[in-house]
Amino acid sequence: MYPFDYQRPTTLSEALEILRTDVEPRLLAGGQTLLPAMKHRLTAHSTLIDLQAITALCGITVQDTTITIAAMTRHAEVAASADILARIPALSALAGGIADPLVRNMGTLGGSVANNDPAADYPAAVLALGATIHTDRRQIAADAFFTGMFSTALQRDEILTAISFRRPDAAGYFKVPNPASGYVTCGAFVARFGAITRVAINGAGPCVFRDSAAEATLSADFTPDIARTLRFDPEELNEDLHAAKTYRAQILPHVIRRAVIRALA
């Protein structure tokens, strides 16, 4: 690990001041991705700005039609929340299925979404549910937030503070995880709002994405069997040591089918 300075601000304004004035700062949320990368010297930063002492970035708020989850809320807290389970059970199940207990008790919603790993779980829920990302200065629609592999619409000196999720009529998430790491090989989150279905796919491409053909098909017929008819172009999907792009193209219809089954359960 390369040497670095460590700061633990207690307010958002203090964190922003460090972020804006330091040479090569990096925000530290749960650290489940960043710290291993630093240990392997894959990345280096002048200062880590630890957000864990900022109480304003913690907690779950329930409104009439939405649930707002603060950025530093941990996966285990989302999974254990009775409010989320009652209103968006698919989101609760997703959080409870992330990696292992260590990751779920340290990893945070904001850290995962801001990192935008193509094999992470949360970006699929954020995109399929049409969530709103709140930062220290603005609100960003989910459709405009994820811009590429490990890339988002966040500016260098901007902090993700919370995410608001709309309550769907039905939603389901299913993934095929890597058996060793737990990262998503192929996953799909489907969300039904009236006659409209949104489908977000993670793990299969360089960045989480919506599939317009799947959405049109499931908007017209929200049944598991129709998902079998979906087709995906392998050339648009990832190929790595975990799975070939042709494999991902073959299993995606089945992944979406299982997500629909869970949404209808």
Side-chain angles (χ1 to χ4, degrees), residues 27 29 33 57 60-73 75 78 81 84 87-95 97-98 107-155 158-175 184 186-216 218-219 252 255-256 259-260 263:
L27 297 172
T33 300
L57 295 180
I60 298 169
T61 305
V62 179
Q63 297 95 6
D64 290 341
T65 58
T66 62
I67 291 178
T68 298
I69 306 175
M72 288 298 290
T73 305
H75 309 327
V78 175
S81 168
I84 296 175
R87 292 165 176 80
I88 315 178
L91 183 60
S92 176
L94 178 151
I98 294 175
T108 65
L109 169 67
S112 174
V113 173
N115 189 49
N116 193 21
D117 188 322
D121 295 270
Y122 269 127
V126 171
L127 193 55
L129 291 169
T132 299
I133 292 89
H134 305 268
T135 79
D136 60 280
R137 71 200 64 172
R138 58 176 172 156
Q139 297 182 4
I140 308 171
D143 287 334
F145 185 77
F146 302 105
T147 57
M149 181 179 289
F150 296 106
S151 174
T152 72
L154 289 172
Q155 298 175 8
E158 188 170 19
I159 297 179
L160 192 162
T161 57
I163 299 177
S164 294
F165 294 90
R166 294 187 294 157
R167 183 177 182 179
D169 297 318
Y173 178 62
F174 185 81
K175 65 177 177 179
V184 182
C186 272
F189 198 110
V190 301
R192 185 83 167 170
F193 296 92
I196 303 298
T197 298
R198 292 170 64 98
V199 179
I201 296 170
N202 55 337
C207 175
V208 63
F209 64 94
R210 290 173 62 191
D211 187 88
S212 58
E215 291 183 341
L218 290 172
S219 292
L252 264 177
V255 169
I256 295 172
V260 172

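- Under 4.0 Å is where a charged nitrogen must lie from a carboxylate oxygen, and between E215 and R198 no such pair does.
- Across every non-hydrogen atom of A95 and V78, the tightest pair is CB-CG1, 3.7 Å.
- Partner of V199 under the side chain to side chain contact (heavy atoms under 4.5 Å, CB included) criterion, chosen from V260, V190, L127: V190.
- Considering all non-hydrogen atoms of both residues, A124 and A200 come closest at O-CB, 3.3 Å.
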Quiz prompt | T161/L57 under side chain to side chain contact (heavy atoms under 4.5 Å, CB included): CA gap, chis, key distance, verdict | solution = CA-CA 6 Å; T161 57; L57 295 180; 3.9 Å; yes
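- Counting heavy atoms from C-beta outward, I159 and T135 have side chains that stay 4.5 Å or more apart.
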Exercise. Kindly determine whether T65 and R167 satisfy side-chain hydrogen bond (donor to acceptor under 3.5 Å, both in side chains), including the steps that lead there.
Key: CA-CA 6 Å; T65 58; R167 183 177 182 179; over 6 Å; no
Quiz item: Could you walk me through whether L218 and I256 pass the side chain to side chain contact (heavy atoms under 4.5 Å, CB included) check?
Solution: CA-CA 10 Å; L218 290 172; I256 295 172; 3.8 Å; yes
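- The side-chain heavy atoms of M149 and P118, taken from C-beta on, include a pair separated by under 4.5 Å.
- In terms of modelled atom types and a separation under 3.5 Å, the side chain of D169 and the main chain of G194 share a donor-acceptor contact.
- Considering CG of N115 and CG of L154, their distance stands at 11.0 Å, rounded to 0.5 Å.
- Expressed to the nearest 0.5 Å, how far CE of M72 lies from OG1 of T108 amounts to 5.0 Å.
- Between S219 atom OG and F193 atom CZ the span is 11.5 Å, to the nearest 0.5 Å.
- A pairwise comparison of heavy atoms in A141 and I133 identifies C-CD1, 4.3 Å as the closest pair.
- Between N202 and Y122 the shortest side-chain heavy-atom distance does not fall below 4.5 Å.
- Proximity of S112 to D117: side-chain heavy atoms (C-beta onward) are nowhere separated by under 4.5 Å.
- The two residues L129 and A191 have their closest heavy-atom pair at CD2-CB, 3.8 Å.
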Exercise. Please lay out, stage by stage, how I69 and I163 fare under the test side chain to side chain contact (heavy atoms under 4.5 Å, CB included).
Key: CA-CA 5 Å; I69 306 175; I163 299 177; 5.5 Å; no
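- Checked by atom type and distance alone, the side chain of T73 pairs as donor or acceptor with a backbone atom of A70 at under 3.5 Å.
- In this structure, N116 contributes its side chain and F146 its backbone to no donor-acceptor pair below 3.5 Å.
- Smallest separation of non-hydrogen atoms from S81 and I84: OG-N, 3.2 Å.
- Using a 4.5 Å heavy-atom threshold, the side chains of F165 and T68 count as separate.
- Side-chain contact between V208 and F189 is absent, with no heavy atoms from C-beta onward closer than 4.5 Å.
- Heavy-atom minimum distance, Q63 versus T61: NE2-CG2, 3.5 Å.
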Quiz item: Checking side chain to side chain contact (heavy atoms under 4.5 Å, CB included) for the pair I67/R166: CA distance, chi angles, key distance, verdict?
Solution: CA-CA 7 Å; I67 291 178; R166 294 187 294 157; over 6 Å; no
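- For the pair D121 and K175, the minimum side-chain heavy-atom distance is below 4.5 Å.
- Of the N and O atoms on the side chains of S164 and H134, at least one donor lies less than 3.5 Å from an acceptor on the other residue.
- With respect to the salt-bridge test (charged N to carboxylate O, under 4.0 angstrom), the residues R87 and D64 do not qualify.
- Under the 4.5 Å side-chain criterion, counting only non-hydrogen atoms from C-beta, D136 is not in contact with L160.
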